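In what follows, a structure is listed as structure tokens, so that the remarks can point back to it.
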Amino acid sequence: MADKYDHIAIEKKWQHTWDEAHCFEAKDDYSLPKYYALIEFPFPSGAGLHVGHPRPYTALDVIARKKRLEGYNVLFPIGYDSFGLPTENYAIKTGEHPRLVTERNISVYRRQMRTLGLSFDYSREVSTSDPSYYKWTQWIFLKLYEKGLAYKAELPINFCTSCKVGLANEEVIDGTCERCGAPVVRMKRSQWMLKITEYADRLIDDLDQVDFAERIKTSQRNWIGRSIGAEATFAIDGYPEGLKIYTTRPDTMFGATYMVVSPEHPLIDTLNDRITNIEDVLAYREQAAHKSDFERSELAKEKTGVPLEGIYAINPCTDKPIPVWVSDYVLMSYGTGAIMAVPAHDTRDYEFATKFNLPIIEVVAGGDISKKAYTDCETGTMVNSGFINGMQVEEAKKNVTEWLEQKGIGRKKTNFKLRDWLFSRQRYWGEPIPLVYCEHCGWTPIPEEELPLTLPEMADYKPADDGSSALSRATEWINTTCPKCGAPAEREIDTMPNWAGSSWYYMRYCDPHNDKCLASREALDYWLPVDWYNGGMEHTTLHLLYSRFWHKFLYDIGIVGCPEPYSKRTSHGMILAEDGRKMSKSFNNVINPDSLCESLGADTVRTYEMFIGAFDQTIPWSTTGVMGCRRFLDRVWRLLEMVDGEGERKEMRRALHACIKKVTEDIERMKFNTAISAMMSFVNDIYANGSITRDELHTLLILLDPFAPHIAEEMNERLGFKPIYESSWPKWDDSALVEDTVELGIQFNGRLRGRMRVPVGLSDDELERLVLENPEFAPWHEGKTVKKFIAIKNIVNVVVV
RNA sequence: GCGAAUGUGGUGGAACGGCAUACACAACGGACUUAAAAUCCGUCGGCGAAAGCUUGUGGGUUCAAAUCCCACCAUUCGCACCA
């Protein structure tokens, strides 16, 4: 008679046993087949884990545990993305050193993850704020700088009025700060930038080599936003270089009836004495400058603009003068900051032309331009277009582009929406940028031997009022000498963004204690690329893109041997609170895994997180649903009382092997919910049967182990087997799945009319005879002719007329 | 506006183009119990008198559609004047 299922004692016991046995540590034996499973390492916030975190963690834990049992040398590491604003803000409030806050938070996370029984290799933990780690983050930055991929630019940045920090475009949501929600304003500042745009083509093209979920590929492609078109220069009197524009539709150039420059365009300054209404123009520019990008697009419904009176451009196709306007619907930051407007075939140009009474000329036939712009013109015939009249759009594009090239006023051009990566943060709690500024030598890297450049100790972490970081007050730290000429020099006081440390952490896991290089080439060659990387959809255009960029750079300079870091990338759905809203402190609906592990057990939490629904779907939490999973594990536990005999019994063999197959295949397909339901069904079968043999139960327990490892190990031990972590994943026997009879659904004209059990392996003719001779089905075919007889899988369809 | 995803019982969800609703939750009934909990065993989508109809709506392809195609509606997420 088994005792009660005491999850607390059992879970504690096995977590301790696994620790002692070091059974989840990856081996440095590079001759073994390897498997690298990776989850996004957490930012150790003060709030600890909530039940959303364990979903992806458990999912890859399931993968990792199964792969180990299949004989792979598995690397399933964990670490902490431990630099970051919330910690710094907490430090500002309390005066406690961010390092101490971070250490405390990490120990909470570590305890919570151990409580969940996650089989991480804790011996390889990394933490991005650890100097022995960020030494190499700084080293990579120096390499980027050396290769000309890091540069300083004076440019308007998004500045959060509350966090007092510059933000990347990606971190601005609807004109507010992604983190705190405060308004973001534009501010000019000298900033470090990384030339991710140099890698734009490869970041798109190499998506073809990797197994990422299609939605992830699509949003990366859209984010990079490659478009192929042409540049062309329109002549303007008094402006010798001409007005250069970018267009994706060179074929429509005959329909360009006016031009628009963005308010910041330098043409306005150059031609200021020729523009007769220059005051109006400057007033418009002033007005536009006060709008944020957000306001500009918010007010998109109503187009505004001012003509540059006295200025005309010559349309090179028609040789006719066309007016030039200034409007903020044209952005300085994309293309050339100027456009040719083709109102007949562009909605924005059409609106503008209609409002200001500018001519509209149709150049692609097929629409009705008196009502609205005809934009559905990717194909069609050119009209009103001189030498390309009658051509199809594709041909016309090619012809006009070539014509521009011949005349020396244009060329084919690819543009991207992707901007360079704003890499400076005016913050204390980040990696110092290892450069000094010298009056004579300019920006100079510090020697590699001096890495890591550590953060100075401070008493107060508050940023200065001008927006620079607390480091601006660390005068002793700032003042140094130039590594090149020895003259007095100053350190950079900006730090790196959070995305820096997380861009390469998967490499460090391969060789985390190496103090000679970021990781040895052998370790990287063996472990990379990551076989399966799972993370949030919200990181698709930030972290995932940044880390692919850094990886490609490190590939180019010979640090890693593969061009892509991750072979497979999936994304999990969010877990919502029971009320269907996001879990949030402010809604007071956060569910903490600690209390659930206490009351129901980690195995129950894990099983429920995997059973809750399709892994990539957003799903609300259900308290009664969790209870159902506990009930399932209770039922499993009581199987101990039903053990009778050894071996596999014939009558259970089919159900057992079907279960092995289903669980094995479903885990691989990320169908964790149906893997669990298969085990539930099998347990139901056993209850109906009344007993289970010791060996059958052993097999079931191994299948259960990835999901509920503690209870599985405990029961397995009680049955007298060696630990599961030393066992192998079971294989199913296809022959066990074969039945000698099969029940068919019998349809007439596609409608189900009944069922019939027949021996397997009948020919269609024999089957047809059996069906038609069966009196049960006579009413459906009597007096009719059988036109067609189809028997596929478990269905027979008889077509009668 | 553009892009992506989703739409199946009271609920979460199953279903390589092949018997729609597996598995669970909730509900209900029974056994056990002095009683309750727990447990075990059962019942359980809707409409229709019935034949039947029914996977957001309407079309299409097919012997056969939740599944593929087209249009539409709804919800969610992302981007948003990208020329």
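Just so you know, these numbers come straight off a predicted model, no measurement behind them. Every chain is numbered from 1, with letters handed out A, B, ... down the list of sequences. Quick note: numbers below take in every heavy atom, side chains included, and nothing from hydrogens, waters or symmetry partners.
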Does a side-chain N or O of A/Thr618 approach OP1 or OP2 of B/rC77 to a distance below 4.0 Å, or not? no
Please give, in whole Å, the distance from B/rG1 P to A/His345 NE2? 22 Å
Return the set of residues passing salt bridge (charged side-chain N to carboxylate O under 4.0 Å, His left out) with A/Asp201 (not counting sequence neighbours), or none when no residue passes. A/Arg226
Of all heavy-atom pairs linking A/His572 and A/Gly536, the shortest is CE1-N, 3.5 Å
Look at the side chain of A/Lys303 against the base of B/rC81 and say whether a donor-acceptor pair falls under 3.5 Å; ignore hydrogens and angles. yes
Please tell me which of the listed nucleotides, B/rA26, B/rC81, B/rA24, lies nearest to the side chain of A/Thr624? B/rA26
Run the side-chain donor-acceptor check on residues 334-347 of chain A: report pairs under 3.5 Å with partners two or more places apart or on a different chain.
unit_1, atom_1, unit_2, atom_2, d
A/Tyr334, OH, A/Ser227, OG, 3.2
A/Thr336, OG1, A/Lys244, O, 2.6
A/Thr336, OG1, A/Ala338, N, 3.4
A/Thr336, OG1, A/Ala338, O, 3.3
A/His345, ND1, A/Tyr374, O, 2.8
A/His345, NE2, A/Val363, N, 3.0
A/His345, NE2, A/Val364, N, 3.1
A/Asp346, OD1, A/Arg348, N, 2.8
A/Asp346, OD1, A/Arg348, NE, 3.1
A/Asp346, OD1, A/Asp349, N, 3.0
A/Asp346, OD2, A/Arg348, NH2, 2.4

Any idea which of B/rC79, B/rG12, B/rA83 is nearest the A/Trp223 side chain? B/rC79
Please tabulate the protein-to-nucleotide N/O contacts below 3.5 Å involving nucleotides 2-5 of chain B, giving atom names and distances.
unit_1, atom_1, unit_2, atom_2, d
B/rG3, O2', A/Asn222, ND2, 3.1

Starting from the 5' end of RNA chain B, give me the residue, A/Ile339 or A/Tyr608, whose nearest nucleotide shows up first. A/Tyr608
Summarise protein proximity over nucleotides 39-52 of chain B in one line of letters, 5' to 3': B for base, S for sugar-phosphate only, - for none, counting protein heavy atoms closer than 4.0 Å. SSS----------S
Checking A/Lys662 now: which residues fulfil salt bridge (charged side-chain N to carboxylate O under 4.0 Å, His left out) with it, not counting sequence neighbours? A/Asp666
Report yes if at least one side-chain N or O of A/Tyr246 is closer than 4.0 Å to OP1 or OP2 of B/rA83; otherwise report no. no
B/rG7: syn or anti, with syn meaning chi within 90° of zero? anti
Any N/O pairs under 3.5 Å between the protein and nucleotides 58-65 of chain B? List them or say none.
unit_1, atom_1, unit_2, atom_2, d
B/rC63, O2', A/Asn797, ND2, 3.0
B/rC63, O2, A/Asn797, ND2, 2.8

Tell me every residue that passes side-chain contact (heavy atoms from CB on, under 4.5 Å) with A/Leu772, counting only those two or more places apart in sequence or in another chain. A/Glu768, A/His781, A/Val786
What I want to find out is whether A/Lys372 reaches A/Glu351 closely enough, with some N-O distance under 4.0 Å, to be called a salt bridge. no
Please list all pairs meeting salt bridge (Lys or Arg N to Asp or Glu O under 4.0 Å) that have one or both residues in residues 603-621 of chain A, counting only residues at least two apart or in different chains. A/Asp61-A/Arg606
Give me the stems containing RNA chain B, sorted by first residue, counting only three or more consecutive Watson-Crick or G-U pairs with both distances under 3.5 Å; say none if there aren't any. B:1-7 with B:73-79, B:10-12 with B:23-25, B:27-31 with B:39-43, B:45-47 with B:52-54, B:56-60 with B:68-72
Going by heavy atoms closer than 4.0 Å, what residues in residues 670-679 of chain A are next to RNA chain B? A/Lys671, A/Asn673, A/Thr674, A/Ser677
Considering residues at least two apart in sequence or located in another chain, which fulfil the salt bridge (charged side-chain N to carboxylate O under 4.0 Å, His left out) criterion with A/Glu394? A/Lys397
I'd like to check the side-chain contact (heavy atoms from CB on, under 4.5 Å) partners of A/Lys787; sequence neighbours left out, ordered by chain and number. A/Val799, A/Val801
